[in-house]
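Heavy atoms only: backbone and side chains are in, while hydrogens, waters and symmetry mates are out. Along the sequence shown, residues are numbered consecutively beginning with 1. Computed from a predicted model, the values in this text were never measured in an experiment.
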Amino acid sequence: MNEKEIIKQLTDEIGNLKMVRDNEVNVNAAYKQVIKKLEEQIISLGKINDEYATKIAKLKIQLEKNATSFLD
């Protein structure tokens, strides 16, 4: 191999490595977006669950009051 061939080979390898790195950056950005979306979904579901649990607790208390009133 002469100097020009070595330089071309190394230049090609650097280009390939740069493409791989750029691809990894893009994939990581996409994963970051997916993770943020999932975090927001978890927060939203937590809020919804809390609202329903509160409503259910209130209804159970009301049912207990109604049942004791009915039995008295």
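Rounding to the nearest 0.5 Å places CD1 of Ile6 at 11.5 Å from OG1 of Thr11. The CD1 atom of Ile56 lies 12.0 Å from the CD atom of Glu51; values are rounded to the nearest 0.5 Å. Distance OG1/Thr54 to CG/Asn49: 10.5 Å, rounded to 0.5 Å. Once rounded to the nearest 0.5 Å, the distance linking CD1 of Ile48 with CD1 of Ile43 reads 12.0 Å. To the nearest 0.5 Å, atom CD1 of residue Ile14 and atom CD1 of residue Ile7 are 10.5 Å apart.
The shortest distance between side-chain heavy atoms of Asn16 and Met19 falls below 4.5 Å. Side chains of Glu5 and Gln9 form no contact here, defined as non-hydrogen atoms less than 4.5 Å apart.
One N or O on the side chain of Asn28 and one on the backbone of Glu24 form a donor-acceptor pair closer than 3.5 Å.
Checked options Gln33, Glu40, Glu39; the residue passing with Lys36 is Glu39 (criterion: side-chain contact (heavy atoms from CB on, under 4.5 Å)).
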